[in-house]
Amino acid sequence: MRHINGKALGKAGRAVLFLMLGVSLLTSCRKDLCYNHDEHSISVKVDVKAEWEQEWERTYGYDWELLWNEEWVRDYDDLRPEKAEGIRALVYDDESAPHSESNLPAEGGRVPMGEGTFDLLFYNNDTEYIVFSNTSASASATATTRSLSRSSYQAMHGEERTVNMPDMLYGTFVEDHVAGKTLEPVTLPVTMRPLVYTYMIRYEFSHGQRYVALARGALAGMAESVYLRDGHTGPEAATVMFDCTVEPYGAEALVNSFGVPDYPGDHYNRDDEDDEWNDGKHNALNLEVRLFNGKIKSFEFDVSDQVRRQPRGGVITVTGIEISDEEGLEGSSGFDVDIDGWGDYIDIPLPIN
């Protein structure tokens with residue numbers, strides 16, 4: 001009798017065990033469906049996969065990768081920009097406002113959107129000095145940079161706004177992406193291309209470099225804004241202000257810029273000989289140095305021809321700069337080169353208009 005009851009008890013126990021296991025699995029499945037509904041159902045799932053085009057200049061009049069001087073302070077590849085830390089994604093379904101906005105990691109990620117046909121605008125979201133405007137429509141979305149005042153600076157182009165260098169900006173645009181419901185995510189590859197380029201500026205001295213303690217400069221006639229959708233620049237010009245390093249040959253600066261004003265968006269395949277885009281435009285380069293004796297001296301150069309052949313980054317060189325021994329040796333030699341800024345000559349960031 002005990003043996004029979006034991007068998008009965010064993011069957012009952014197994015039944016209870018199976019029942020409990022079934023309830024557990026059912027509960028687990030329900031939780032999965034609850035917390036990962038989008039992953040396991042038919043829905044719109046668009047996953048952006050981002051690559052970064054780390055170029056600091058575009059080849060037009062000069063092929064600097066081939067012409068690079070091995071004796072220069074930096075190698076060509078040293079100027080390549082870093083990848084950004086994150087991406088801003090704007091999804092447009094009409095011209096009134098973005099359908100959705102989201103932030104993604106540098107490698108990409110899921111972009112929220114519904115069913116339909118959308119335009120997608122991407123740019124990096126880790127900039128410090130750049131100001132974004134008119135993003136309610138992809139065609140009008142632009143980037144500019146903040147105003148900067150320098151009390152000692154005499155404007156080369158009086159009508160231009162003086163601005164801080166833009167930090168690195170990437171962007172790309174996807175037109176008419178059709179989003180539909182799928183079981184598996186749809187991968188959307190995008191390439192983040194530069195919208196800011198670099199000019200390596202070399203100020204070469206023929207005499208008196210040893211008297212220079214500090215140096216800074218300005219480049220006039222550069223684009224004030226860039227359009228995020230296709231990379232063409234606005235017609236307004238600005239003067240970009242920057243600091244320099246003092247080198248054995250003179251002074252050097254790496255200057256970020258949107259490039260030249262009013263330059264077509266189709267600039268990647270433009271004919272090098274077709275330079276009508278810059279007819280009548282003037283690019284002036286300034287150098288301001290503070291000598292060890294505290295004296296300040298300023299120089300100005302016309303670099304229009306060099307900029308004309310390099311609308312998107314490159315190397316600008318000016319030579320024959322002289323500081324006489326009389327200028328370098330006169331007065332006191334007690335200037336402290338370790339002070340922050342230039343005292344009364346410090347740059348002053350201004351709110352953008």
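Not measured: the values here are computed from a predicted model. One-based numbering along the sequence shown.
Under a hydrophobic-cluster definition in which Ile, Leu, Val, Met, Phe, Trp and Tyr are linked whenever side-chain heavy atoms come within less than 4.5 Å, directly or via other members, M200 and M165 are assigned to different clusters. Under the 4.5 Å side-chain heavy-atom criterion for Ile, Leu, Val, Met, Phe, Trp and Tyr, Y60 and I316 are members of the same hydrophobic cluster. Both V48 and M192 sit in one connected hydrophobic cluster of ILVMFWY residues. Membership requires side-chain heavy atoms under 4.5 Å apart, directly or through other members. Using a 4.5 Å cut-off between side-chain heavy atoms of Ile, Leu, Val, Met, Phe, Trp and Tyr, with links allowed through other members, V73 and V318 fall into different hydrophobic clusters. Under the 4.5 Å side-chain heavy-atom criterion for Ile, Leu, Val, Met, Phe, Trp and Tyr, V255 and Y203 are members of the same hydrophobic cluster.
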Note to self: I'd like to know whether K297 forms a side chain to side chain contact (heavy atoms under 4.5 Å, CB included) with E327, so could you lay out the CA-CA distance, the side-chain angles of the two residues, the decisive distance to 0.1 Å, and finally the verdict.
What the structure shows: CA-CA 9 Å; K297 189 171 177 62; E327 289 176 307; 3.0 Å; yes

Note to self: Assess the residue pair T187 and D47 against the criterion (side-chain hydrogen bond (donor to acceptor under 3.5 Å, both in side chains)); give the C-alpha distance rounded to whole Å, side-chain angles, the decisive distance to 0.1 Å, and a yes or no.
What the structure shows: CA-CA 5 Å; T187 299; D47 288 349; 5.7 Å; no

Notebook entry, point to check: Going through the distances and angles, do T135 and Y92 end up as a side chain to side chain contact (heavy atoms under 4.5 Å, CB included)?
Noted result: CA-CA 10 Å; T135 56; Y92 298 89; 4.2 Å; yes

Margin query: Pair V163, L148 - check side chain to side chain contact (heavy atoms under 4.5 Å, CB included), show working.
Written below: CA-CA 5 Å; V163 299; L148 188 69; 5.7 Å; no

Item checked: Verdict with reasoning, R312 to E57, per salt bridge (charged side-chain N to carboxylate O under 4.0 Å, His left out) -> CA-CA 6 Å; R312 288 290 186 276; E57 57 96 21; over 6 Å; no

Next item on the list: Would you sort out whether I321 and F301 count as a side chain to side chain contact (heavy atoms under 4.5 Å, CB included), showing the intermediate values?
Entry: CA-CA 10 Å; I321 304 170; F301 314 90; 3.7 Å; yes

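Salt-bridge formation is detected for the pair E330/K295: a Lys NZ or Arg NE/NH1/NH2 atom is positioned less than 4.0 Å from an Asp or Glu carboxylate oxygen. Classification of D243 and R216 as a salt-bridged pair fails, no side-chain N sitting under 4.0 Å from a carboxylate O. In summary, E53 and R58 engage in a salt bridge, as defined by a charged side-chain N under 4.0 Å from a carboxylate O. In summary, E175 and R229 engage in a salt bridge, as defined by a charged side-chain N under 4.0 Å from a carboxylate O. Looking at E107 and K49, no side-chain N of the basic residue comes within less than 4.0 Å of a carboxylate O on the acidic one, giving no salt bridge.
At a cut-off of 3.5 Å, with distance as the only test, a side-chain donor of H207 or D325 sits close to an acceptor on the other residue. A donor-acceptor contact closer than 3.5 angstrom is absent between the side chains of D262 and T233. T245 and E247 are linked by a side-chain donor-acceptor pair at a separation below 3.5 angstrom, with hydrogens and angles left out of the test.
Taking E115 as the reference, V44, K181 meet the side chain to side chain contact (heavy atoms under 4.5 Å, CB included) condition, with sequence neighbours excluded. Residues meeting the side chain to side chain contact (heavy atoms under 4.5 Å, CB included) test with S206, sequence neighbours left out: E322.
Using a 4.5 Å heavy-atom cutoff, the side chains of L254 and L79 are in contact. The shortest side-chain heavy-atom distance between T191 and W52 does not fall under the 4.5 Å cut-off. Between L90 and R88 the shortest side-chain heavy-atom distance falls below 4.5 Å. Side-chain contact between W72 and V315 is present, with at least one heavy-atom pair separated by less than 4.5 Å. Annotation: side chain of R150 is in contact with side chain of E288 (closest heavy-atom distance under 4.5 Å). Contact of the L329 side chain with the N293 side chain is not registered, since no non-hydrogen atoms from C-beta on lie closer than 4.5 Å. Counting heavy atoms from C-beta outward, S102 and P112 have side chains that approach closer than 4.5 Å. Two residues are said to be in side-chain contact when any heavy atoms from C-beta on lie closer than 4.5 Å; I296 and V289 fail this criterion.
The environment of OH in Y129 is sparse: at most 12 heavy-atom neighbours from other residues, nucleotides or ligands sit within 6.0 Å.
H99 and F118 have tilted rings, their planes meeting at an angle from 30° to 60° on a 0 to 90° scale.
For the ring-ring contact (aromatic ring centres under 6.0 Å, His included) test with Y76, the passing option among Y62, W56, W64 is W56; the others fail. Each of T144, T142, N125, T127 was compared with F132 under the side-chain contact (heavy atoms from CB on, under 4.5 Å) criterion, and only T127 meets it.
Remark: side-chain polar atoms of R80 are paired, donor with acceptor, to backbone N or O of Q54 under 3.5 angstrom.
Residue T198 holds its OG1 atom at 4.5 Å from CG of N256, rounded to the nearest 0.5 Å. Interatomic distance, CG of L169 versus CG of N124, reported as 5.0 Å (0.5 Å rounding). Put simply, CG on D167 and CG on D126 are 7.5 Å apart, with the number rounded to the nearest 0.5 Å.
Geometrically, R202 engages Y249 in a cation-pi contact defined by less than 6.0 Å to the ring centre and at most 45° from the axis.
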